Visitor: 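Take a look at the following structure, please.
Note that the structure is a prediction, hence the values are computed from the model and not measured.
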Amino acid sequence: MIVVENLSKHFGGIKAVDNVSLSIAPGSITGLIGPNGAGKTTLFNVIAGLHAPTSGRVLLDGQDITGLPPHELFARGMLRTFQIAHEFSTLTVRENLMLVPGGQSGERLMDAWLRPARVRAEEAALRRKADEVIEFLQINQVADELAGNLSGGQKKLLELGRTMMVDAKIVFLDEVGAGVNRTLLRTIGDAIQRLNSERGYTFCMIEHDMEFISRLCDPVIVMAEGAVLATGTAAEVRANEEVIEAYLGCVMSFLVGEEMVCGYGGADILHGCTIGVEPGEIAVVVGPNGAGKSTAMKAMFGMLGLREGRVLLEGEDISRLKPQERVLRGMGFVPQTNNVFTSMTVEENLEMGAFIRRDDIATTMRQVFDLFPILHEKRAQPAGELSGGQRQQVAVGRALMTQPKILMLDEPTAGVSPIVMDELFDRIIEVAQTGIAILMVEQNAKQALNIADRGYVLVQGRNAYTDTGAALMADPEVRRAFLGG
C-alpha cells in the first residue's frame, strides 16, 4: 500500500530522515519505534504532505504521491492523527465527527439557500454515521459533551473516530497512547484491532509503549538517527542487539543535573534532585509552587551556584562554567519574564540571539520565521508592542538563533491564552523533532506532560516522581496530588 523509496528530509545541516526505504502492507498494523530524535514524526510529516522531502519519493497503491498537500492525500484515503489531539473544543463530540467529511452541501451558500431539503437530508445522514461511530467506539456517554471537556484518552478516541467518518485506506497514528491511562489505552487498542480486522483499515503507528506495540503491531520498524535500523516482529526487534543499544537500553548521558543542592542565601531550595534530558526529547519539570522547579533550571544554566552535586553536558562537568560559557557549549535559555528587548524590533531581537556566531545567520532566521510565521509578519515591529504569546515566540526564536543543542524554557506558556499555549506546544514538538533537547518548567502540568517524553515531579526540592510523561499522566497518585484528579 505505502512504499517509501530513499526518502530524506534535512533541516539545514540536520538529517532528520536520511535515505529511508520501507513499505507498509495493506491490512497490516505496522509499528514505528525508536529513540527520541530518530526521525519518526518527521517521516510521518513527509509521507502525510506536511513537509516536502529533500529527496526520495512516496507511493500509495503504486501512484507517486510525493509532496502532495495533506488535503489531497485526505481525499485519497490517507489520514493521520497527532500526538496532541486537535479537537474543536466548543463543539460536541458528535459535531466534531460530523464536520469531518468534505464538500458538504451546507458549506455552499447556494445549496443552503435554494436546496435546504438536500442540506437537511445530508446532515441527517452524517448524524447517523456519527452515531454509528460513537457506538462503535463505546463513547455514547460523551456524545453530547463539549470535546474540550474530554479526558486525554477520550480525545484520542475522538481522533480515531474522525478517521471512521470517511473511507480511510491508511491511518498514521502519532503516539496515540501518550498521556492515556491504561484502561482507556486498552479501549483504544481494541478499537484499532477491530477497525483493522472488521473494516480492513491499515495502520502505521508511532508509539513508545512497547507493551502496546507488541500487542498490536506486526511488523515493527525501528528507526535511529534518521535511518531504518531494523524490521521484524516485536519479539525480534526486542532481541536485536543494535536495537537494545540504540533504543531499549539507552541511558541518559546528554545533559543531567546530578544530586543538585543549592538555594538563595543560607536556605537550600534544592535537596539532591536529579534532572536530565536526551537529544530530541522533551523533558518537563512540574510540581507545586515553591518546589524548586525554576531554581533547578537556573542551577543547570549556571545562574545559581551549586553547593553540592554537578551538571554534566555530554559527559563534561560544566558546573563551574558561567552562563555565557554554557551558551557557547550549546545551551539556550528562555526566562519566564523580561525575555525580550521591548524597544528593539522583532528582527533585531533575533539578531541579538546570534551575537556569539560568526557565520551567516540568514538560514537560521528563515527557520525561525518558518516556525513562527507571525514573527515574519511583524519583524519590523518593536517587540514591546506584541502580545504576550508573540513575545514568548520572539524569546524562543532568539534562543534558537544560537543554534542550541538544548533549549531550556522557564514557564513558556505563562500568561498566554489556551489557543496560543496549544500552538506553542506544537512548535516545541517541532523543535524537538530536529534533534534539539527540550527541558521545560511548566505550571500547565497536564498539557506539558502530554507532550513530554520524560517527566519530573519536584516536591520541596526533591524528586517525588520520575517517569515518562505518559506514565505520570496515568499514575493515579500523581493525578490526585498534582494534576487535579
Side-chain angles (χ1 to χ4, degrees), residues 11-14 16 254-255 277 279-280 282-283 294 297-298 300-303 311 313-314 318 321-416 420 423-442:
F11 297 95
I14 298 173
F254 179 59
L255 174 72
V277 65
I282 299 174
S294 292
M297 184 79 79
K298 291 173 182 175
M300 294 179 74
F301 190 61
M303 298 170 68
V311 179
L313 177 62
E314 296 182 295
I318 61 170
L321 296 185
K322 297 176 181 178
Q324 59 268 32
E325 294 174 310
R326 301 188 195 204
V327 171
L328 290 171
R329 293 292 201 283
M331 297 177 73
F333 179 68
V334 179
Q336 179 180 350
T337 58
N338 301 319
N339 53 20
V340 298
F341 299 100
T342 57
S343 60
M344 292 183 176
T345 66
V346 168
E347 192 161 2
E348 288 168 342
N349 267 271
L350 297 179
E351 289 171 347
M352 284 294 292
F355 76 99
I356 64 171
R357 295 173 54 181
R358 298 292 180 264
D359 59 332
D360 182 19
I361 67 172
T363 298
T364 312
M365 183 82 75
R366 284 195 299 272
Q367 291 170 346
V368 171
F369 285 148
D370 286 344
L371 192 66
F372 301 116
I374 190 65
L375 299 188
H376 184 266
E377 180 184 324
K378 296 181 179 292
R379 60 190 181 280
Q381 188 170 333
E385 297 178 2
L386 303 181
S387 69
Q390 291 165 352
R391 289 190 192 191
Q392 202 67 280
Q393 292 179 20
V394 172
V396 173
R398 191 177 67 237
L400 291 173
M401 290 296 294
T402 68
Q403 295 186 313
K405 298 175 183 177
I406 174 170
L407 181 61
M408 305 174 73
L409 305 170
D410 192 357
E411 302 281 5
T413 69
V416 305
V420 174
E423 181 182 353
L424 191 58
F425 279 165
D426 284 345
R427 301 294 83 76
I428 289 169
I429 290 171
E430 288 185 36
V431 172
Q433 288 166 3
T434 68
I436 295 174
I438 305 290
L439 180 59
M440 176 168 58
V441 167
E442 183 53 62

Visitor: Using 0.5 Å steps for rounding, measure from the CG atom of Asn349 to the CE atom of Met344.
Guide: 7.0 Å
Visitor: Given Glu351 and Met365, is the side-chain contact (heavy atoms from CB on, under 4.5 Å) satisfied, shown in steps?
Guide: CA-CA 8 Å; Glu351 289 171 347; Met365 183 82 75; 3.8 Å; yes
Visitor: Is Met440 close to Phe425 at the side-chain level, that is, under 4.5 Å between some pair of heavy atoms?
Guide: yes
Visitor: Where is the tightest heavy-atom contact between Asp360 and Arg357, given as atom of each residue plus distance?
Guide: O-NH2, 3.2 Å
Visitor: Using 0.5 Å steps for rounding, measure from the CZ atom of Arg398 to the CG atom of Leu375.
Guide: 12.0 Å
Visitor: List the atom of Gly397, the atom of Leu350, and the distance in Å for their closest heavy-atom pair.
Guide: C-CD2, 3.5 Å
Visitor: Can you name the nearest heavy-atom pair linking Thr413 to Gln392, along with the distance?
Guide: N-NE2, 4.4 Å
Visitor: Of all heavy-atom pairs between Gly353 and Thr402, which one has the smallest distance, and what is that distance?
Guide: O-CG2, 2.9 Å
Visitor: Roughly how far apart are Ile361 CD1 and Met401 CE, rounded to 0.5 Å?
Guide: 4.0 Å
Visitor: Measuring from atom CD1 of Ile438 to atom CG of Leu407, what distance do you get when rounded to the nearest 0.5 angstrom?
Guide: 4.5 Å
Visitor: Do the side chains of Pro412 and Glu442 get nearer than 4.5 Å, heavy atoms only?
Guide: yes
Visitor: Write down the atom of Gly389, the atom of Val416, and the distance for their closest heavy-atom approach.
Guide: CA-CG1, 3.7 Å
Visitor: Taking all non-hydrogen atoms of both residues, which atom of Val277 and which atom of Phe254 are closest, and how far apart?
Guide: O-CB, 3.4 Å
Visitor: Spell out, as yes or no, whether a donor-acceptor pair under 3.5 Å connects the side chain of Ser387 to the backbone of Gln390.
Guide: yes
Visitor: Report yes if the side chains of Leu255 and Val311 come closer than 4.5 Å at any heavy-atom pair, otherwise no.
Guide: yes
Visitor: Strictly distance-based, threshold 3.5 Å: is any side-chain N or O of Arg391 a donor or acceptor partner for the main-chain N or O of Gly384?
Guide: yes
Visitor: Is the shortest heavy-atom distance from the side chain of Gln393 to the side chain of Leu371 under 4.5 Å?
Guide: no
Visitor: Please round to the nearest 0.5 Å and tell me the distance separating atom CG of Asn339 and atom CD of Glu411.
Guide: 12.0 Å
Visitor: Quick one: does Val441's side chain get under 4.5 Å of Gln336's, heavy atoms only?
Guide: no
Visitor: Working to the nearest 0.5 Å, report the span between CZ of Arg326 and CG of Leu313.
Guide: 9.5 Å
Visitor: Side-chain contact, heavy-atom cut-off 4.5 Å: Val327 with Phe301?
Guide: yes
Visitor: Applying side-chain contact (heavy atoms from CB on, under 4.5 Å), run through Asp359 and Gln403 and close with a yes or a no.
Guide: CA-CA 11 Å; Asp359 59 332; Gln403 295 186 313; 4.1 Å; yes
Visitor: Quick one: do Val340 and Leu386 satisfy side-chain contact (heavy atoms from CB on, under 4.5 Å)? Show the steps, please.
Guide: CA-CA 10 Å; Val340 298; Leu386 303 181; over 6 Å; no
Visitor: Assess whether side-chain contact (heavy atoms from CB on, under 4.5 Å) is satisfied between Glu348 and Phe341, documenting all intermediate values.
Guide: CA-CA 9 Å; Glu348 288 168 342; Phe341 299 100; over 6 Å; no
Visitor: Flag the pair Arg329 / Glu314 as yes when at least one side-chain heavy-atom distance between them is below 4.5 Å, and no otherwise.
Guide: no
Visitor: Do the side chain of Glu325 and the main chain of Lys322 share a donor and acceptor less than 3.5 angstrom apart?
Guide: yes
Visitor: Report yes if the side chains of Thr434 and Gln367 come closer than 4.5 Å at any heavy-atom pair, otherwise no.
Guide: no
